[in-house]
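I have placed the structure first, in the form of structure tokens, so that the comments after it can refer back to it.
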Amino acid sequence: MKITKLFFLSVFFVGLSAFAQDKSFTLNDIWGGVFGTEGLKSAHAMKNGVEYSVIEEDKVTGATNIEIYNYETGEKARTLITSTALGDLTTFQGYEFSKDEKRILLSNELEQIYRHSSRGIYYIYDVPSKGIFKVNDKKIQSPALSPDGNKIAYVLDNNIYVLNFATGQEIQLTDDGKKNEIINGITDWVYEEEFAFVRAFEWNGNSNKIAFLKFDEKEVPEFSMDVYGTNLYPTQQVFKYPKAGEKNANVSLHIADIGAMALDEVKLGDYKDFYIPRIKWTMNPDILSVQVLNRHQNNLDLIFVDANTKTPKVVLNETDEAYIDITDNLTFLEGNSFVWTSEKDGYNHIYHYKETGELITQVTSGNWEVTDYYGYDRKNKKVFYQSVENGSVNRDIYSVSLDGKDKKRLSSKEGTNDADFNADFSLYISYFSNTTTPYEYTLHKSKTGALVREIKNNKGLLEKLAPYHMSVKEFSTIDVNGESLNMWMIKPKDFDPAKKYPLLMYQYSGPGSQSVKNSWNGSNDYWYQMLAQQGYIIACVDGRGTGYKGAKFKKVTYKNLVKLETEDQIAAAKLLGQRAYIDESRIGIWGWSYGGHMSTNCLLKGNDVFKMAIAVAPVTSWRFYDTIYTERYMRTPQENSSGYDDNSPFNYPELLKGKYLLIHGSGDDNVHVQHTMRMVEALIQANKQFDWAIYPDKNHGIYGGNTRLHLYNKMTNFVKDNL
């Protein structure tokens, strides 16, 4: 197989060389979607295990359909729903099946709120009768069908409602919801952003109880943003945003018994200033699991709550000298034993526990990380996961027995392999790419990894790229500050090692992140190819604090964010500058968000190394960022003032020597434009010249219309003028 693969690649590259590779990348093409990849639409694995469903638009009629396909043949089995038969509902944007797949929740008119949250108009479609009705005339949030398919719960105006289809009865579970004061059943801003969930209520297995979180945010300080819009007067968006060291919302757990029409608060124990980052019903419909995390986020309790007596019991406790990352990798098995992931042995691995919290077995082990947990095949007692066993820049798919034996690598290609399993775990769709292969989608047998069929590839994109010179992304390591750090480098067309080239470094470095990975191009990669065509070398180094090399490597930056990361980038730039083909007087760096903080710090603290820097939407003081993210890595400003201030660039603006471009969106609800304004004021008072741009009403992503094109034109011009 390996010889065949190498032969194919050699023929492929010889084939490409037959074309004149002199076409230039342009920003208009990059941000106009010319080099986009074809993907797979999000599929729902049908419970029969042999079919899946997707939303498709009929190109002839314009109708929105839910189509059912056979996994193994790829052939369409039937059309389950077409919007032409839905009366006033002429289209829909999403869908969700009830557990028995007899009812479908359809979403329409979705309106984005923050990163994960939205509100919309929802309908219930009854599959047997083909009947449909609207849940509410108003836009609602986070609706969820009950497991029996007869009820739906949702949030409207910060209150939880339950509608019973069979009886037509609607119950309002809570009545104290009020904007910027009380939230029932959905998360506040900081939970949504940092714990990555919005729906904060869960049906139990019997569909007769709902557990939910209540957020009392009356004492949380408010943040306001001007929204300039197009009207005569701007408006103001005001929301609760707890900055590091400030008051969080008080969170409480409640259980509603729908049949008994009772609602009770659950007292979890003697906790003060804590988080509830996850709730999940166990296999027992009367036992709720609750995760409670202290404010320092270094002590986690897994609690089982008896929903009838409201009695809590701690079944598992984990502690860490630094912090514990929250995941969704909790699966309950027969008898309420459970699968759990933890870094407690120094690497992220899978564990199997009894219902009592007693360890049964450590399912995976080794000096490598489990990077994704796909689930558990109950019939064959197999666990499926993704890991970096084949090198930290690669990802592979594995199966292993629940007792930790019979481990099998299912993926065979080197690069980034991901998987989406069918309902009974007998098949999976593989998502594969590497730096030379755009996304390939194939179907495989879960038992062996054997190929069943190809679903889709992106060979058309390779043909489109044939006229361009694509520089190879070279992977290597660089020894810096006692660590061997992963690095990639892109060299110019017709690279001549006897010449000297300017170097632009890209940087992110957030805790647990990874920028050096063996996967297909994103939009920035095409920008780097464009710069390489124009004579620049581009490089990226993942320094200390980044992910997938063990907990010690990741958590070494604890309580001193950006300090060691900055030292690594400065040291790496110095080492790269010693290479004969790099002009050490022309080294620049850029980054976005955390990376903007990094690029700013590198330019200031490495002012003898870096000639220029670009910072997009940067953090400039962790005092301005939210409690959950910041305190996880820094503790509070009251406890660690030097950690916050010693690496805040507006405290040493006098160090600026090189050229600096500072960019922010005024509507950034995440990293507020306040960060940039404070940096600007510090530079002004230090009488330091710099360039800056504000994008009106744009959020942290700074996109919409021609915004990204304008932004990258500005950055490109800055690089060309100053490097």
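As a basis for the values below, the full set of heavy atoms in this structure was taken, side chains included, without hydrogen atoms, waters or symmetry mates. Here the structure is a predicted model, which means the values were calculated and not measured.
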Under a 3.5 Å distance rule, please check whether Asn284 uses its side chain to pair with a backbone N or O of Asp286 as donor and acceptor.
yes
Determine whether a donor-acceptor pair (N or O, by modelled atom type, separation under 3.5 Å) exists between the side chain of Glu565 and the backbone of Gly510.
no
When you measure from the side chain of Trp368 to the backbone N and O of Gly550, does any donor-acceptor pair fall under 3.5 Å?
no
Work out which heavy atom in Ser146 is nearest to a heavy atom in Ser207; give both atom names and the distance.
CB-OG, 3.7 Å
Distance-only donor-acceptor check, side chains Asn486 and Thr477, under 3.5 Å
no
How many angstroms lie between CG in Asn380 and CG in Asp406, if you round to the nearest 0.5 Å?
11.5 Å
Shortest non-hydrogen separation from Ile276 to Phe197 and the atoms involved:
O-CZ, 4.2 Å
Kindly say whether Asp403 contributes a backbone atom to a donor-acceptor pair with the side chain of Ser401 at under 3.5 angstrom?
no
Any donor-acceptor pair under 3.5 Å linking the side chain of Arg295 with the backbone of Phe274?
no
Given Asn317 and Asp301, is the side chain to side chain donor-acceptor pair (under 3.5 Å) satisfied, shown in steps?
CA-CA 5 Å; Asn317 170 259; Asp301 285 338; 2.7 Å; yes
Side-chain ion pair, Glu101 and Lys47, N-O less than 4.0 Å
no
Main-chain N/O of Val516 paired with Asp542 side-chain donor or acceptor, under 3.5 Å
yes
Just do the side chain to side chain contact (heavy atoms under 4.5 Å, CB included) check on Glu202 and Ile210 with the steps written out, would you?
CA-CA 5 Å; Glu202 295 286 336; Ile210 292 178; over 6 Å; no
Assess whether a salt bridge exists between Arg395 and Glu369, defined as any Lys/Arg side-chain N lying under 4.0 Å from an Asp/Glu carboxylate O.
no
Candidates Lys555, Lys344, Arg632 - the one meeting salt bridge (charged side-chain N to carboxylate O under 4.0 Å, His left out) with Asp320:
Lys555
Spatial distance of atom CZ (Phe432) from atom NE2 (His444) [nearest 0.5 Å]:
10.0 Å
Closest contact, heavy atoms only, Ser446 versus Leu427
OG-N, 3.2 Å
Is there a donor-acceptor contact under 3.5 Å linking the side chains of Gln362 and Asp345?
yes
Judged by atom type as modelled, is there a donor-acceptor pair below 3.5 Å linking the side chain of Gln514 to the main-chain atoms of Ser392?
yes
Donor-acceptor side-chain pairing of Thr371 and Gln386 below 3.5 angstrom
yes
Distance-only polar pair, side chains of Glu56 and Tyr69, donor-acceptor under 3.5 Å
yes
Without hydrogens or angle criteria, can the side chains of His349 and Thr364 be said to hold a donor-acceptor pair below 3.5 Å?
yes
Is any NZ, NE, NH1 or NH2 atom of the basic residue among Lys447 and Asp377 found under 4.0 Å from an Asp or Glu carboxylate oxygen of the other?
no
Do Ser426 and Tyr71 have a side chain donor and acceptor closer than 3.5 Å?
no
Can Asp424 and Asn422 be counted as having a side-chain donor-acceptor contact under 3.5 angstrom?
yes
Pick one: which of Tyr428, Phe425, Tyr376, Tyr373 meets ring-ring contact (aromatic ring centres under 6.0 Å, His included) with Phe384?
Phe425
If you apply the rule ring pair (Phe, Tyr, Trp, His ring centres under 6.0 Å), what do you find for Trp622 with Tyr594, and how did you get there?
CA-CA 10 Å; Trp622 290 110; Tyr594 198 106; 5.6 Å; yes
For the pair Arg278 and Asp328, find out whether any cationic side-chain nitrogen is under 4.0 Å from an anionic carboxylate oxygen.
yes
Output yes when a side-chain donor or acceptor of Tyr374 lies under 3.5 Å from a complementary backbone atom of Ala419, and no otherwise.
yes
Run the side chain to side chain contact (heavy atoms under 4.5 Å, CB included) check on Val315 and Thr356 step by step: do they pass?
CA-CA 6 Å; Val315 296; Thr356 58; over 6 Å; no
Distance only, no hydrogens: is a donor on one side chain within 3.5 Å (strictly under) of an acceptor on the other, for Thr282 and Asn336?
yes
For the residue pair Ser519 and Thr416, what are the closest heavy atoms and their distance?
CB-OG1, 3.5 Å
Tell me, do Lys456 and Tyr439 make a side-chain contact under 4.5 Å, heavy atoms counted?
no
Using distance alone, with no hydrogens and no angle criterion, decide if Asn670 and Glu193 have a side-chain donor and acceptor under 3.5 Å apart.
yes
Do the side-chain N and O atoms of Asn299 and Asn294 include a donor-acceptor pair separated by under 3.5 angstrom?
no
Within 6.0 angstrom of Lys41 NZ, more than 12 heavy atoms from elsewhere
yes
Taking every non-hydrogen atom, the tightest pair across Pro438 and Thr37:
CB-CG2, 4.3 Å
For the aromatic rings, using the six-membered ring if either is Trp, is the centroid distance between His296 and Tyr323 under 6.0 Å?
no
Using distance alone, with no hydrogens and no angle criterion, decide if Glu318 and Ser342 have a side-chain donor and acceptor under 3.5 Å apart.
yes
Would Glu96 and Ile104 count as a side chain to side chain contact (heavy atoms under 4.5 Å, CB included) here? Give the steps.
CA-CA 6 Å; Glu96 179 183 329; Ile104 306 174; over 6 Å; no
Within 45° cone and under 6.0 Å: Lys473 NZ/CZ vs Tyr528 ring
no
Might you confirm whether atom NZ of Lys517 has over 12 heavy atoms from other residues, nucleotides or ligands at distances under 6.0 Å?
no
When you check the gap from the basic side-chain N to the acidic O, do Glu72 and Lys445 get nearer than 4.0 Å?
yes
Between CG of Leu300 and OG1 of Thr319, what distance do you get to the nearest 0.5 Å?
10.0 Å
May I ask you to check whether Asn560 and Tyr633 show a side-chain donor-acceptor distance below 3.5 Å?
no
How close do Leu402 and Val363 get, heavy atom to heavy atom, and via which atoms?
O-CG2, 3.5 Å
Indicate the ring-plane relationship of Tyr114 and Trp189, choosing parallel, tilted or perpendicular according to the 30° and 60° boundaries.
perpendicular
Under 3.5 Å donor-acceptor, Lys209 side chain and Asn204 backbone:
no
Donor-acceptor side-chain pairing of Glu454 and Asn457 below 3.5 angstrom:
yes
Checking Glu192 against Thr187 for the side chain to side chain donor-acceptor pair (under 3.5 Å) test, could you report, in this order, the C-alpha distance in whole Å, the side-chain angles of both residues, the deciding distance, and whether it holds?
CA-CA 6 Å; Glu192 175 180 341; Thr187 53; 4.7 Å; no
Quick check for you: to the nearest 0.5 Å, what is the distance between Tyr506 atom OH and Ile490 atom CD1?
12.5 Å
Could you tell me whether Glu440 and Lys413 have a side-chain N and a carboxylate O separated by less than 4.0 Å?
yes
Which is it for Asn248 and Tyr275 under the side chain to side chain contact (heavy atoms under 4.5 Å, CB included) test, yes or no, and what are the steps along the way?
CA-CA 9 Å; Asn248 276 316; Tyr275 301 110; 2.9 Å; yes
Only one of Arg409, Lys407, Lys408 passes salt bridge (charged side-chain N to carboxylate O under 4.0 Å, His left out) with Glu389, and that residue is Lys407
So, the side chain of Ser387 versus the backbone of Val370: is there a donor-acceptor pair under 3.5 Å, distance only?
no
